[in-house]
Novice: 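Got a structure for you, written out below as structure tokens; questions coming shortly.
In what follows, chains are A, B, ... by sequence order, proteins preceding strands, each numbered from 1.
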There are 2 protein chains.
Amino acid sequence: MPYDPSAFPPFAVTVDLVVLTVRRHALCALAVRRGEPPFQGRWALPGGFVRADEDLAQAAARELAEETGLRAHDPAAPAQDNGAHLEQLATYGDPKRDPRMRVVSVAHLALAPDLPAPRAGGDASNARWAPVDELLQQGGYGRDGEPVAPLAFDHAQILADGVERARSKIEYSSLATAFCPTEFTVGELRRVYEAVWGVALDPRNFHRKVTGTPGFLVPTGGTTTRQGGRPAQLFRAGGATLLNPPMLRPEV
Amino acid sequence: MPYDPSAFPPFAVTVDLVVLTVRRHALCALAVRRGEPPFQGRWALPGGFVRADEDLAQAAARELAEETGLRAHDPAAPAQDNGAHLEQLATYGDPKRDPRMRVVSVAHLALAPDLPAPRAGGDASNARWAPVDELLQQGGYGRDGEPVAPLAFDHAQILADGVERARSKIEYSSLATAFCPTEFTVGELRRVYEAVWGVALDPRNFHRKVTGTPGFLVPTGGTTTRQGGRPAQLFRAGGATLLNPPMLRPEV
DNA sequence: AGTGCTTATCGTCAGGCAGACGACTATGAT
DNA sequence: ATCATAGTCGTCTGCCTGACGATAAGCACT
């Protein structure tokens with residue numbers, strides 16, 4: 001059949017971001033409050049339209065920078081540049097997911113170290129880091145006792161998918177270091193795993209495992225006592241991206 | 001800012017399919033010959049526009065049925081219904097990936113047992129199963145000595161991503177059974193792993209591993225000699241989807 | 001200075017699993 | 001009958017993990 005521009009329906013394409021970080025021993029996601037209908041006043045994932053001349057990854061990186069100020073870590077870049085990890089997550093295109101029109105959203109997953117307070121267009125009250133447990137619980141009450149409204153659109157599903165991706169990916173990759181500052185201790189890395197998985201890990205076995213995996217951690221020579229207790233060695237992320245054998249998430 | 005329908009550029013949204021199967025000990029993908037420009041006469045992945053009222057998964061299932069006659073396996077369905085496995089792979093949206101217009105393609109991955117010859121609109125010469133090695137080699141020569149033109153658009157990248165997804169996913173899931181008929185032997189399943197990974201596996205250790213993993217295989221009671229040699233027990237895929245501990249892909 | 005608390009780090013031991021590989025079994029082909 | 005082919009069961013060894021004891025080195029008290 002010949003090419004016919006009227007043969008396909010027009011879509012709007014957006015990128016939505018699941019930006020995760022670890023704060024106060026809890027896995028948190030960036031949420032923004034919607035200023036207009038639909039879902040006005042509800043919390044949602046940050047995102048926006050893909051521009052006419054933009055690649056999907058570029059659009060996601062632009063949105064990430066606008067919301068958090070983070071540069072995206074170029075996946076091809078070999079060295080640690082302290083940018084956030086950014087990868088495509090999945091695409092959501094239910095015809096009814098946006099009541100206004102047909103929107104296909106390409107969700108991306110970003111992992112970032114603990115950041116200062118977020119800013120969404122300079123208005124702090126419209127953006128916050130919220131524990132993912134709180135964002136995902138349906139019809140419950142938050143820690144402040146206020147009722148929790150579910151996220152706008154299908155963003156609860158997107159967030160759940162992003163969290164699951166992060167939980168599984170730190171098993172077999174060095175991605176957990178994306179939650180840490182440039183230099184970090186073994187204990188800090190362990191607390192990342194504990195927060196993301198929601199479990200307690202044995203400090204001794206964890207130490208043996210991560211220091212024994214070639215290319216995972218590179219000692220910087222320095223030490224720190226910022227966690228209290230005995231001074232701990234500082235490490236930087238090594239070049240390895242795949243962990244073989246993987247970290248094992250405890251059963252049940 | 002208020003809602004402005006003119007604030008976003010229109011996109012065309014397509015689904016492209018990476019349909020994999022194992023034929024004659026080789027991992028093969030379904031390719032169709034393009035009948036019109038651009039890339040007229042070149043091989044490409046099957047795919048098409050998403051319709052106005054269709055979900056992405058529905059569109060992918062429809063395209064799969066049109067090209068192969070296969071029903072998609074509902075991911076929520078508990079029992080084996082002999083449908084093909086279908087899952088979303090990734091989304092490709094480079095502004096220049098289609099010279100005609102701005103197209104975002106949501107690629108899907110389908111895994112199917114060995115099928116009779118494909119049919120694309122009834123014309124067999126326009127669709128074929130080709131070994132993925134052949135489709136992915138650049139500027140070489142196929143097994144018949146003819147020069148191999150690379151796949152149309154960015155389909156080589158999409159195919160490579162799909163193959164990599166399949167290779168890694170059969171490690172930690174029971175997905176390799178999707179390449180097998182309803183009833184199959186341990187040796188047939190092993191040949192699937194060998195074809196997808198391109199390695200030789202020890203039959204004895206493989207047998208111990210798959211029969212020892214709870215929920216992976218369910219014996220049907222029957223036996224077959226269709227592979228020659230001693231009769232082999234027939235199995236059906238068990239309910240387990242995640243293998244823990246995983247199958248290990250041999251190093252190097 | 002000493003005591004106690006905290007975190008980091010090293011070591012030991014037993015159990016489980018994977019790779020290497022020997023041995024035996026049950027068919028069809030010659 | 002003999003051979004070739006594939007399937008199935010065992011054994012052994014080394015590695016990794018989970019459980020957990022023991023020691024080290026800071027800080028905050030008194």
Novice: Going by modelled atom types, is there a donor-acceptor pair between the base of C:dA8 and the side chain of A:Arg230 at under 3.5 Å?
Specialist: yes
Novice: Do we get A:Arg24 above A:Trp129's six-membered ring, with its NZ or CZ under 6.0 Å from the centre and within 45° of the axis?
Specialist: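 The answer is no; the distance or angle limit is not met.
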Novice: Given atom CG of B:Leu234 and atom P of D:dG7, what is their separation to the nearest angstrom?
Specialist: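 After rounding, the gap between these two atoms is 11 Å.
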Novice: Between D:dT8, D:dC20, C:dG19, which nucleotide gets closest to the side-chain atoms of A:Asp202?
Specialist: D:dC20
Novice: How long is the gap from NZ on A:Lys209 to CG on A:Leu248, to the nearest 0.5 Å?
Specialist: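 So the gap between those two atoms works out to 6.5 Å.
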Novice: Take the protein atom CG of B:Leu189 and the nucleotide atom C1' of D:dG7, then report the distance between them rounded to whole Å.
Specialist: 14 Å
Novice: Answer yes or no: does a side-chain N or O of B:Lys209 lie under 4.0 Å from OP1 or OP2 of C:dA18?
Specialist: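 Checking C:dA18 against B:Lys209, a side-chain N or O does come within under 4.0 Å of OP1 or OP2.
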Novice: Measure from CD on B:Glu171 to P on C:dA18 and round the result to the nearest Å.
Specialist: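 My rounded result for the distance is 13 Å.
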Novice: Please figure out whether B:Thr211 or A:Pro231 has its closest DNA chain D nucleotide nearer the 5' end.
Specialist: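 Its nucleotide being nearer the 5' end, the pick is B:Thr211.
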Novice: State, without any angle test, whether A:Glu87 and A:His85 hold a side-chain donor-acceptor pair at a distance under 3.5 Å.
Specialist: yes
Novice: Figure out the CG/C1' separation between A:Leu201 and D:dC20, and round it to whole Å.
Specialist: 16 Å
Novice: Looking only at the aromatic ring of each residue, does the gap between the centers of B:Phe206 and B:Tyr193 stay below 6.0 angstrom?
Specialist: yes
Novice: In this structure, how many angstroms lie between the P atom of D:dC15 and the CG atom of A:Leu248, rounded?
Specialist: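 Result: 18 Å.
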Novice: Strictly below 4.0 Å, N to O, side chains only: are A:Arg128 and A:Glu134 in salt-bridge contact?
Specialist: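 Between A:Glu134 and A:Arg128 there is a salt bridge, with a charged N closer than 4.0 Å to a carboxylate O.
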Novice: Can a side chain N or O of A:His207 be found less than 4.0 Å away from OP1 or OP2 on C:dA8?
Specialist: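 Negative; the distance criterion is not met.
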Novice: Let's test your reading of the model: under 3.5 Å, does the base of D:dG10 pair with the side chain of B:Arg204 as donor and acceptor?
Specialist: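 No.
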Novice: What's the closest nucleotide to the side chain of B:Asn205 if the choices are C:dT27, C:dC21, D:dT8?
Specialist: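 From the listed options, C:dC21 comes nearest.
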Novice: So, is A:Arg226 close to the C:dA8 phosphate, meaning a side-chain N or O under 4.0 Å from OP1 or OP2?
Specialist: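 For C:dA8, neither OP1 nor OP2 has a side-chain N or O of A:Arg226 closer than 4.0 Å.
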Novice: Give the rounded distance in Å between these two atoms: CZ of A:Arg249 and P of D:dT17.
Specialist: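 My rounded result for the distance is 16 Å.
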Novice: Looking at every strand, decide which applies to B:Arg190 at a 4.0 Å heavy-atom threshold: base, sugar-phosphate, or nothing.
Specialist: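 Sugar-phosphate: the residue B:Arg190, judged by heavy atoms under 4.0 Å, touches backbone atoms but no base.
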Novice: Find the distance A:Phe206:CZ to C:dT7:P and express it as a whole number of Å.
Specialist: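 So the two atoms are 16 Å apart, to the nearest Å.
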Novice: Closest-nucleotide mapping onto DNA chain C: is B:Gly229 or A:Gln227 further toward the 5' terminus? I mean the 5' end.
Specialist: A:Gln227
Novice: Please state how far atom CG in A:Leu243 lies from atom P in D:dT17, giving the value in whole angstrom units.
Specialist: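 Taking atom P of D:dT17 as the reference, CG of A:Leu243 is at 11 Å.
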Novice: Determine whether a donor-acceptor pair (one donor, one acceptor, N or O, separation below 3.5 Å) exists between the side chain of A:Arg208 and the base of C:dG11.
Specialist: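 Answer is no: no donor-acceptor pair is held.
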